[in-house]
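On a predicted model such as this, the values are computed, not experimentally measured, just so you know. All heavy atoms count here, side chains included; hydrogens, waters and symmetry mates do not.
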Amino acid sequence: MVMFENLKKYNIILASNSPRRKELLAGLGIDYKVRVADDVDESFTKDELSPDEVPLYLASKKAQANCAIMEDNDLIITADTVVISDKEVLGKPSDKEEATKMLLKLSGRTHHVVTGVCLTSKDQQRRFKVSTDVTFKKLTPEEIDYYINTYHPYDKAGAYGIQEWIGYIGVTELSGSYFNVMGLPIQRIYMELQNFE
């Protein structure tokens, strides 16, 4: 692709097993492979980081782990997405009870979805974060129960996928990148890749 002549020397590596991130990156029309380092430490200390710093911190930790298996001409894309409500980071729910609590917390309110991204080669790293505001209508207990039982959103930050049923019926307003809420701010990545040396 003419728009990505600057990337010809690189093997583009997506360091994520997320089906949504794979789909979004494929949408750019670039060739890439998926390779994920084992046992990435995704812990963080709440006292040392503000909530909106967490995703970039975790994306950087993922980049560092993947650098250990990096080849000379690799360009590795790492990302982490969090949902923030009332200055609290909502990660992936461990069970139905936790998923229900998260969705009740988001119900009838606006929250922030922040994705941190690192583009890393042997010679350079570009780091950035993208934030989107999402507003939900007041969700009924029946709607929350149906969504969790049908879609099992245990692999999603904040216990929801905007591209699923809950997004169709629940999201009343969105300010920022829709794709960022899916897990990859693809328009910003496109811009950053175009300027990658």
Side-chain angles (χ1 to χ4, degrees), residues 12-26 28 32-70 74-95 98-99 101-103 105-106 110-134 152-163 176-193 196:
I12 310 292
I13 307 293
L14 176 63
S16 174
N17 285 316
S18 162
R20 293 158 299 279
R21 289 194 179 122
K22 292 175 192 174
E23 175 189 343
L24 290 171
L25 190 59
L28 283 186
Y32 73 92
K33 295 183 174 121
V34 174
R35 188 175 70 220
V36 184
D38 293 330
D39 302 323
V40 178
D41 175 19
E42 294 191 39
S43 62
F44 62 92
T45 307
K46 291 179 183 177
D47 299 338
E48 294 176 7
L49 297 169
S50 66
D52 69 335
E53 291 174 319
V54 170
L56 193 52
Y57 174 78
L58 293 176
S60 298
K61 286 181 89 169
K62 292 176 183 180
Q64 188 176 4
N66 280 277
C67 281
I69 55 173
M70 176 187 278
D74 284 349
L75 193 171
I76 298 176
I77 301 171
T78 54
D80 195 86
T81 302
V82 299
V83 170
I84 302 168
S85 179
D86 286 337
K87 299 182 180 177
E88 179 186 353
V89 174
L90 304 182
K92 297 171 184 175
S94 56
D95 55 27
E98 191 175 12
K101 283 181 184 174
M102 286 183 183
L103 289 172
K105 188 174 182 66
L106 301 179
T110 299
H111 62 275
H112 313 290
V113 180
V114 184
T115 301
V117 178
C118 293
L119 307 178
T120 309
S121 70
K122 284 282 189 186
D123 301 321
Q124 65 175 306
Q125 184 179 71
R126 289 178 176 261
R127 297 161 31 105
F128 56 91
K129 62 185 177 185
V130 175
S131 181
T132 304
D133 291 342
V134 181
H152 315 286
Y154 305 117
D155 63 336
K156 297 175 178 68
Y160 80 93
I162 194 168
Q163 72 281 5
S177 167
Y178 171 84
F179 298 112
N180 182 52
V181 184
M182 281 181 67
L184 208 60
I186 200 67
Q187 190 273 335
R188 178 69 183 273
I189 288 173
Y190 172 73
M191 289 173 55
E192 297 288 344
L193 286 175
F196 208 87

Fill in the blank from the handout: Looking only at heavy atoms, the pair that brings L119 and I77 closest together is CD2-CG1, 3.6 Å
Practice task
Inspect the contact between D74 and K33 and indicate whether a charged nitrogen and a carboxylate oxygen are less than 4.0 angstrom apart.
Solution key: no
Exercise for the section: Given side-chain contact (heavy atoms from CB on, under 4.5 Å), test V134 with Y160 step by step and report yes or no. Expected result: CA-CA 12 Å; V134 181; Y160 80 93; 3.9 Å; yes
Problem - salt bridge (Lys or Arg N to Asp or Glu O under 4.0 Å) partners of K101, counting only residues at least two apart - result: E97
Practice task
For residues L24 and M182, determine if any side-chain heavy atom of one lies less than 4.5 Å from a side-chain heavy atom of the other.
Solution key: yes
Completion exercise
Residues at least two apart in sequence or cross-chain that pass ring-ring contact (aromatic ring centres under 6.0 Å, His included) with F196, listed by chain then number, are Y10
Completion exercise
G158 and L106 have their tightest heavy-atom pair at O-CD1, 3.7 Å
Problem - From NZ (K129) to CG (L56), nearest 0.5 Å - result: 6.5 Å
Fill in the blank from the handout: Correct closest heavy-atom pair for A15 and V36 would be C-CG2, 3.7 Å
Handout entry: Under the side-chain hydrogen bond (donor to acceptor under 3.5 Å, both in side chains) test, residues paired with Q125 that sit two or more places apart
Key = T120
Exercise for the section: Applying side-chain contact (heavy atoms from CB on, under 4.5 Å), name anything that partners S94, two or more places apart in sequence or on another chain. Expected result: E98
Practice task
Could you point out which residue of I84, V83, L103 forms a side-chain contact (heavy atoms from CB on, under 4.5 Å) with L90?
Solution key: V83
Handout entry: D133: salt bridge (Lys or Arg N to Asp or Glu O under 4.0 Å) partners, not counting sequence neighbours
Key = none
Practice task
Calculate, to the nearest 0.5 Å, the distance between atoms CG and CG belonging to L28 and L193 respectively.
Solution key: 7.0 Å
Problem - Contacts of type side-chain contact (heavy atoms from CB on, under 4.5 Å), residue S16, not counting sequence neighbours - result: L14, S18, R21
Handout entry: Which atom of V34 lies closest to which atom of N17, heavy atoms considered
Key = CG1-OD1, 3.9 Å
Handout entry: Spacing of F128 atom CZ and R188 atom CZ [to the nearest 0.5 Å]
Key = 5.5 Å
Exercise for the section: Say whether, by atom type as modelled, one donor and one acceptor occur between the side chain of T115 and the main chain of L184 under 3.5 angstrom. Expected result: no
Practice task
Go through the structure and list residues passing side-chain contact (heavy atoms from CB on, under 4.5 Å) with A99, not counting sequence neighbours.
Solution key: P93, I148, Y154, A159
Problem - Y32 vs L75 side-chain heavy atoms within contact, under 4.5 Å - result: no
Problem - Listed partners of A65 passing side-chain contact (heavy atoms from CB on, under 4.5 Å), at least two apart - result: A37, V40
Completion exercise
For R20 and Q163, the nearest pair of non-hydrogen atoms, with its separation, is CD-NE2, 2.8 Å
Handout entry: K105: salt bridge (Lys or Arg N to Asp or Glu O under 4.0 Å) partners, not counting sequence neighbours
Key = D86, E88
Practice task
Of all the heavy-atom pairs spanning M70 and I76, show the shortest one and how long it is.
Solution key: CE-CD1, 3.5 Å
Handout entry: Any donor-acceptor N/O pair, N180 side chain to V113 backbone, under 3.5 Å
Key = yes
Handout entry: All side-chain hydrogen bond (donor to acceptor under 3.5 Å, both in side chains) counterparts of S60, not counting sequence neighbours
Key = R127
Exercise for the section: List in chain and number order the residues that pass side-chain hydrogen bond (donor to acceptor under 3.5 Å, both in side chains) with Q187, two or more places apart in sequence or in another chain; answer none if no residue qualifies. Expected result: none
Exercise for the section: State, without any angle test, whether S50 and D52 hold a side-chain donor-acceptor pair at a distance under 3.5 Å. Expected result: yes
Completion exercise
Between the OG1 atom in T81 and the CG atom in L58, the distance rounded to the nearest 0.5 Å is 10.5 Å
Problem - Heavy atoms of other groups near K92 NZ, more than 12 under 6.0 Å - result: no
Exercise for the section: Evaluate the side-chain proximity of F179 to I189: yes if any heavy-atom separation is below 4.5 Å, no if none is. Expected result: no
Problem - Enclosure of E53 CD (heavy-atom neighbours >12, cutoff 6.0 Å) - result: yes
Exercise for the section: Please list all pairs passing the salt bridge (Lys or Arg N to Asp or Glu O under 4.0 Å) test where one or both residues lie in residues 55-65, with sequence neighbours left out. Expected result: D41-K61, K62-D80
